[in-house]
Amino acid sequence: MKLRTWKSFFKQGFKNAFGNKTMSVASIVAIAAALCVLGVVMLIVLNLNYLMDDLEAKSEVTVFLDKDVSYSDIKAIESKMEKWDGVREVEFVSKSSALAKWREELDDKAYLLDGYDGDKNPLPHSFIIGIEKPEYTEDIASKAKLLPQVMKVNYSKEVAESIGKVVHSVRLVGAAVVIILAIIAAIIIHNTVRLTVYSRRREINIMKYIGATDWYIRWPFIIEGFTIGITGSLIAIAIITPLYQYVLNKLAGQHLAEGFFVNIFRLLPLGDVIYNILFVFILVGVSVGVIGSGMSIRKHLKV
Amino acid sequence: MIEFRDVEKVYSNGVKALSNASFTIQNGEFVFFVGESGAGKSTIIKLLLKEIEPTSGDIIVGGQSLSDMKRSEIPYYRRGLGVVFQDFRLLSDRNIYDNVAFAMEIVEAPRKEIRRKVPMLLGMVGLSSKAKCYPNELSGGEQQRVALARALVNNPSILIADEPSGNLDPATAEEIMEIIEMANRRGTTVIMATHAKDIVDSMEKRVITLKNGVIVRDEEKGGYFNEA
């Protein structure tokens, strides 16, 4: 079709979208509201994923060995563990380096450990196994327990597992919520455009008699739906972005106050999520708008 | 050429609107379809516009069978037809000029062509001075003349008129008929459904008379028969 024809489609589409204010506003608000909820769900999922990745990088199992373990046993255990699935790295921590590390942690109270050096060191030799994914943790821990010369196995079972479960269910619930909201928004747009279509059914009828193709009639309505969809998306972005920034600032303040949490509870910076959100909002807003209006015109084209 | 071959139309509510209708209309002919309300005139027009499908039989227009026509081809077929209705069917949110130009915009005629032809057609129907008026500012006769300008602006080979003078007084109806006859003299086939006895009798054209969905008369230079 000619550029001039497209121009007239856009003119007509915008006129419809902004002409019938009450209905259009209702649709735009519905889309913006649905997208805001979608945005919150997205931000939660993105941040949980981020947290998971962080934990994955940190997952480890500590294996303490018997006191009388020999050097050759240590080597044998190490080479065995290195072959297990999900093991990223195996680090040997000798009893003396464990003591040194403890001293370091005690800082100005390190004198408490004076006199425990050498043969008097009560600490065992140990391995720290780096794990690729939290799922492997339990398996590796139980295998390690069965090894000879192993005294004790420590790992952060609860945290890894529960976060894995939370992420999984948040994703599921999030997807369901998003799909339901998208359908509701599509129905609302469908109704708005149906009203415009209804008020213009005479005109559509006349156009059909003169010999207008279905697409010639359809485009202005699709553009109307598109306009409503994209306006809703932009409003949602304008709401979600400062909201997230606020939460970030709030948490940053808390981090400063309780320095301890800094590394555990760090949210993704706005710059890392804004493009994801922008992309998803516009995609959802536009497709909901276009599908909603496309559906409402179908019936009236059968002349 | 337009040909109806044993066309029958039964509506979904069981009403038999047309039975065994067969006739041929040559290019450039002027044909009246007359009969009381419900005789089947509008059914023939709707069938010709491919707004409805015949229950049986075949309709051939310009060598093409309408029943073989794909849905996507209908708009292009209709562009070869000019249509006027009893209720004018103008777009109320556009002025007269734009109403006529609209028919050309739909077929994506060049802008230059639109600027040339629309004033020409408005001149032909005698409404050059009202190009900027809106349909509701015009009388019924004027509105129907706009509708005729719109129907003729794309040079259709067939002009279909469904009771074009139904809402007009006799003098105004005569003006409308003059325009339709002018189009016919230029070679446009005219098919007109009407129950305006005066017009049919004075024009001395071919008349096909319908009664209860059956063609009861088909006469060259016919007249309007109340009791067919």
Side-chain angles (χ1 to χ4, degrees), chain A residues 1-24 192-225 227 293-303, chain B residues 45-46 48-53 69-85 87-94 98-115 135 143 146-162:
Chain A
M1 285 192 226
K2 289 185 177 180
L3 187 67
R4 177 159 51 90
T5 310
W6 283 105
K7 256 182 175 163
S8 73
F9 288 165
F10 274 95
K11 207 174 121 190
Q12 192 67 52
F14 292 151
K15 204 174 99 184
N16 293 345
F18 299 115
N20 186 351
K21 288 214 180 62
T22 339
M23 276 318 288
S24 297
T192 312
V193 177
R194 210 172 57 178
L195 270 180
T196 355
V197 171
Y198 188 76
S199 67
R200 293 181 65 210
R201 67 195 185 288
R202 224 178 84 92
E203 192 179 333
I204 292 171
N205 188 265
I206 294 168
M207 287 164 90
K208 291 287 295 187
Y209 279 122
I210 299 176
T213 58
D214 287 353
W215 279 106
Y216 191 97
I217 296 167
R218 209 179 269 136
W219 272 114
F221 291 103
I222 289 179
I223 291 165
E224 178 184 354
T227 312
S293 60
M295 274 171 8
S296 47
I297 178 112
R298 228 172 33 187
K299 191 177 85 186
H300 291 270
L301 289 175
K302 288 178 193 150
V303 180
Chain B
I45 298 230
K46 280 181 185 158
L48 262 179
L49 288 168
K50 202 168 159 67
E51 191 183 331
I52 55 174
E53 298 294 322
M69 194 179 283
K70 286 191 211 121
R71 211 182 108 73
S72 59
E73 293 171 339
I74 298 174
Y76 301 95
Y77 163 68
R78 286 185 183 156
R79 289 174 192 186
L81 313 172
V83 200
V84 287
F85 299 94
D87 56 355
F88 322 131
R89 300 199 190 173
L90 300 176
L91 301 174
S92 54
D93 61 340
R94 294 162 208 240
D98 289 338
N99 260 284
V100 179
F102 183 59
M104 292 187 82
E105 278 161 13
I106 280 176
V107 302
E108 300 201 285
R111 205 191 298 244
K112 234 170 102 183
E113 185 78 357
I114 296 177
R115 286 210 204 99
Q143 289 190 48
V146 176
L148 267 168
R150 182 181 65 190
L152 295 169
V153 76
N154 286 327
N155 295 323
S157 51
I158 302 167
L159 176 66
I160 296 171
D162 192 3

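Just so it is clear, the values below take in all heavy atoms, side chains as well, and ignore hydrogens, waters and symmetry mates. Lettering of chains follows the sequences in order, A, B, ..., and the numbering in each one begins at 1. For clarity, every value in this text was computed on a predicted model and none was experimentally measured.
- When side chains are defined from C-beta on, B:Arg89 does not count as touching A:Glu203, because their heavy atoms never get closer than 4.5 Å.
- For the pair A:Tyr209 and B:Leu81, the minimum side-chain heavy-atom distance is 4.5 Å or more.
- With a 4.5 Å cut-off on non-hydrogen atoms, B:Ile52 does not touch chain A at all.
- Remark: side-chain polar atoms of B:Arg79 are not paired, donor with acceptor, to backbone N or O of A:Ile210 under 3.5 angstrom.
- A heavy-atom distance below 4.5 Å is found between the side chains of B:Asp93 and A:Lys15.
- Counting heavy atoms from C-beta on, the side chains of B:Ile106 and A:Met207 come closer than 4.5 Å.
- By the 30° and 60° cut-offs, the orientation of the rings of B:Phe102 relative to A:Tyr216 is perpendicular.
- Only the side chain of B:Arg150 comes within contact range of chain A, judged by heavy atoms closer than 4.5 Å.
- For B:Tyr77, no part lies under 4.5 angstrom from a heavy atom of chain A.
- No side-chain heavy atom of A:Lys208 sits under 4.5 Å from any side-chain heavy atom of B:Ile74.
- Within the model, atoms CD1 of A:Ile206 and CZ of B:Phe88 stand 12.5 Å from one another, a figure rounded to the nearest 0.5 Å.
- Side-chain atoms of A:Arg202 do not come within 3.5 Å of backbone N or O of B:Leu91 as any donor-acceptor pair.
- Qualifying side-chain contact (heavy atoms from CB on, under 4.5 Å) partners for B:Pro156, counting only residues two or more places apart in sequence or in other chains: B:Leu152.
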